[in-house]
Number of protein chains: 2
Amino acid sequence: MTQSWVKGANRPDCDFSLGNLPYGVFEANGNTPRCGIAIGDMILDLSELVFAGKLVAENCGFDRPALNTFMAAGPNTWEAVRNRVTELLAENGSTDLRDDAALCHRALVPQSSAQMHLPIEVKGYTDFYAGRQHAFNSGSILRGPENALPPNWSHMPIGYNGRASTVVVSGTPVRRPLGQTLPPGGDSPVIGPSRRLDIEVEFGAIVGISTELGQTLTLAEAWEHLFGFVLLNDWSARDIQRWEGQPLGPFQSKAFATSISPWVVTRAALEACRRSAPARDKALLPYLHETAPYFFDITLEAHLKPADADRASRIVQCNTTQLTYSAPQLLAHHALCGCRMQTGDLLGSGTISGPERHNFGCLMEQSWGGRDEIALEHGGSRKFLEDGDSVTLTGWGMANGNRIGFGRCEGQILPAHAEVGKGA
Amino acid sequence: MTQSWVKGANRPDCDFSLGNLPYGVFEANGNTPRCGIAIGDMILDLSELVFAGKLVAENCGFDRPALNTFMAAGPNTWEAVRNRVTELLAENGSTDLRDDAALCHRALVPQSSAQMHLPIEVKGYTDFYAGRQHAFNSGSILRGPENALPPNWSHMPIGYNGRASTVVVSGTPVRRPLGQTLPPGGDSPVIGPSRRLDIEVEFGAIVGISTELGQTLTLAEAWEHLFGFVLLNDWSARDIQRWEGQPLGPFQSKAFATSISPWVVTRAALEACRRSAPARDKALLPYLHETAPYFFDITLEAHLKPADADRASRIVQCNTTQLTYSAPQLLAHHALCGCRMQTGDLLGSGTISGPERHNFGCLMEQSWGGRDEIALEHGGSRKFLEDGDSVTLTGWGMANGNRIGFGRCEGQILPAHAEVGKGA
């Protein structure tokens, strides 16, 4: 059952093949925002299916503007809904939807006519630092290659709490932040717009099942608690980060916006993309030791389109196999102290960088701390982002010849406010 | 109108005088948790007052298990409710409640028969580092006195995002966390229970009014956005913190529990406790420059009671005047980048330490990094917390001879789980 009867689903370049079935929250036809599944060029309105009696989905909350209720329902429910929707959308499956023209009209909404919302209510947002090449590059730029990796880095996924309130859905404009920075050679900071605005190409994991305060998780349990994955752009102001970042880590430099893709791709969809852990130079402590393939082979790209350009230039190509810690390792480590994990927690991988410069997942690495200009393939160059620039992340894995894609995660840079005290 | 007819309210040692009127969420008499005000030995049930027609409070949500709806209603509503409740509870005020015995029976609940809940739905939790003596002591222990204060410290309130999901109300037991630590002299970490469990005596500010993404706040606006204040104990695992803390700041070492007092004391109650900023060695940038007294004179204490002790020993006495950055400065800095601030955000001051050892607000400082034993006044000694220890924070300001108190913020240490994968 790999072909679907829905328009566009079998195109080789379509992100939303029948094997994918990612979840999102959409608004269309004057209805309130609700949960849907992307298939081909369309969105399947799950509320309409339930209302029509074609999908049994108790306590799934598909009529709500976030996936949290469905995520909290757990893996058996996730599997049942996926199986039934696969059956309804498959070329050789059930005719319950396909042959009901009126229901098709109500329940299949063109993506082009829908507005996407944040797919989840983001409860906590934690950002990690789980890619070795990025950690090495960043550390080399700041401290030199001999001190690049902190001593703890090879023993655990280093992370910090991000700001959940400013996680936004793809398409939301990103206002260039004001902040304190230290001018080169100066000893007192100034306030003004960030001059070193950057992207970070990341892979985001979403926690489906909560834990109690004090509860810890094995890796196998952590895997089961994960609902799905999104593209994540952790917009960063490098000059603000440089001045504020020690001793307590990034704060204002990361708190102005974090963009995620509108579609959450599930673990089940990525089953064929699973890969084993990379070779490690040090053995991990038992709670982080993998006995199953918890990594994924997903290609990620970033394209940059200047305001005055006709075409976007590809600036990054990397792959989630270039991460050193897997999503269940992030979650198991996060819960180790007994931290209560919540349905809707978002765990960012940290920037994903591969071996070559065009594989580096942020401009700071590609420009080597602002030293080098990065030539854009369709003209112009950048060290960091300029006002009006649009950045779009895409990502996909392959499963039995079908593309399991994440859609787009994009944002355009708006100029900074002129002064403090101005509105949004 | 400084005397109340409610039992206990006029006792000199009562935290909850008529001038205070702090808000909390309580459960009693088999009813669902709801909003109330502490007065003397009692809790005034605001839902019952509204139901009885004695308090006009539209869109205040006093029947809900969190103050967020009321906080979002804004300063005019806060003032109107405070004025009416003052009138109802004053010795020489309205008789609408006092002379209605049946309503008094329903609407005045003994604190001794109520269970307190978290007063707010905590949206974001951000912890700062806003006390100079603490920053100097911590830096001295880690890096020596000549490098104690980071260069950014005198220019802005340094902060980091904490973990909102593990903010708990006073009385919630605190499970000793598991974590990675580096044994002294070792080069590989081990996993096990923290051996350096600590408190941090802090003052918490609660955001009442939200901002939009991209919006910034002047100090005067930030002041207006604040709803009230709580006691806050930022439990910390120093050995985990030492190993994980660089380069991205504290994470698991702080994510297992943060306790707050059940009562939120409002800005209005603390009006007489306002104080001007301390002398500064460097001028602040304009967005942080105070033109009004935004500090408070509030005495804070911590008592420690070992499991086998009859009495608690006072271990800390400090004062919020020992902070260097005020609550509106924390909030204005937080919003500077355009970070969306939310009703229910909690901003911790960071540890408050005064000049003498008994004024230091955490055990790491008092034991100087675990070097010295801290003698307890009623016998025994500590460097860090032991299983079974209970720690209680108290705090109060004085307004026209009346005590404006915060109640108690306490927690008892439970032993760590034996291994990873165990439940709560």
Side-chain angles (χ1 to χ4, degrees), chain A residues 123-124 129 150 152 155-156 158-166 168 175 177-180 188-189 191 211-218 221 237 240 243-253 255-257 282 285-287 332-334 336-342 417 420-424, chain B residues 123-124 129 150 152 155-156 158-166 168 175 177-180 188-189 191 211-218 221 237 240 243-253 255-257 282 285-287 332-334 336-342 417 420-424:
Chain A
K123 297 299 281 188
Y129 191 53
N152 50 21
H155 297 282
M156 63 178 163
I158 299 292
Y160 67 98
N161 298 294
R163 179 74 191 179
S165 72
T166 47
V168 296
R175 175 77 61 189
L178 296 174
Q180 282 199 23
S188 284
I191 182 171
T211 62
E212 295 295 316
L213 190 68
Q215 185 180 350
T216 58
L217 293 173
T218 64
E221 290 168 339
I240 297 172
W243 171 236
E244 75 173 3
Q246 290 302 326
L248 297 184
F251 179 47
Q252 290 287 286
S253 54
F256 54 98
K282 300 193 179 170
L285 285 166
Y287 79 102
H333 181 66
H334 207 319
L336 178 62
C337 71
C339 177
R340 190 196 329 249
M341 304 306 301
Q342 295 181 291
H417 285 305
V420 175
K422 293 295 167 188
Chain B
K123 297 299 282 186
Y129 191 52
N152 49 22
H155 297 282
M156 62 180 165
I158 299 292
Y160 67 98
N161 298 294
R163 179 74 191 178
S165 72
T166 46
V168 296
R175 175 78 60 188
L178 296 174
Q180 282 199 22
S188 285
I191 182 171
T211 62
E212 296 296 315
L213 189 67
Q215 184 180 350
T216 58
L217 293 172
T218 64
E221 289 169 339
I240 298 172
W243 171 236
E244 75 172 3
Q246 289 303 324
L248 297 184
F251 179 48
Q252 289 288 287
S253 53
F256 54 99
K282 300 193 180 171
L285 285 166
Y287 78 101
H333 182 67
H334 207 320
L336 178 62
C337 72
C339 177
R340 189 195 330 250
M341 304 306 302
Q342 296 181 291
H417 286 306
V420 175
K422 294 295 170 191

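Since this is a predicted model, take the numbers as computed values, not measurements. Naming convention: chains lettered A, B, ... in sequence-line order (proteins, then strands); numbering from 1 in each chain.
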Kindly say whether Ser165(A) contributes a backbone atom to a donor-acceptor pair with the side chain of Gln342(B) at under 3.5 angstrom? no
Donor-acceptor pair, Asn161(A) side chain versus Tyr160(B) backbone, under 3.5 Å? no
Interface residue of largest heavy-atom contact number with chain B, from [options], under 4.5 Å:
options                                    : answer
Gly179(A), Ala332(A), Ser253(A), Gly159(A) : Gly159(A)
Lys123(A), Met341(A), Met156(A)            : Met156(A)
Gly124(A), Gly338(A), Pro189(A)            : Pro189(A)

Non-hydrogen atoms of chain A under 4.5 Å away: do they reach the side chain of Pro150(B), the backbone, both or neither? side chain
At a heavy-atom separation under 4.5 Å, does Leu336(B) approach chain A through its side chain, its backbone, both, or neither? both
Under the ring pair (Phe, Tyr, Trp, His ring centres under 6.0 Å) test, which residues partner Phe251(B), sequence neighbours left out?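 In terms of ring pair (Phe, Tyr, Trp, His ring centres under 6.0 Å), with neighbours along the sequence ignored, Phe251(B) is linked to Phe128(A), His334(A).
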Against chain A, work out which of [options] has the most heavy-atom pairs shorter than 4.5 Å and name it.
options                         : value
Phe256(B), Trp243(B), Tyr129(B) : Trp243(B)
Ala257(B), Ala164(B), Pro250(B) : Pro250(B)
Pro286(B), Pro247(B), Gly245(B) : Pro247(B)

Checking Ala255(B) now: which residues fulfil side-chain contact (heavy atoms from CB on, under 4.5 Å) with it, not counting sequence neighbours?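 Counting only residues at least two positions away or on another chain, Ala255(B) forms a side-chain contact (heavy atoms from CB on, under 4.5 Å) with Cys337(A), Cys339(A), Arg163(B), Gln252(B).
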Identify the two heavy atoms, one from Leu248(A) and one from Ile158(B), that lie closest to each other, and give their separation to 0.1 Å.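 Closest pair (atom of Leu248(A), atom of Ile158(B), distance): CD1-CG2, 3.8 Å.
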Minimum heavy-atom distance Val420(A)-Leu217(B), with the two atoms named: CG1-O, 3.4 Å
Measure the spacing between [atom1] of [X] and [atom2] of [Y] and express it to the nearest 0.5 Å.
X         : Y         : atom1 : atom2 : result
Gln246(A) : Gln246(B) : CD    : CD    : 4.0 Å
Glu244(B) : Asn152(A) : CD    : CG    : 8.5 Å
Leu285(A) : Gln180(B) : CG    : CD    : 5.0 Å

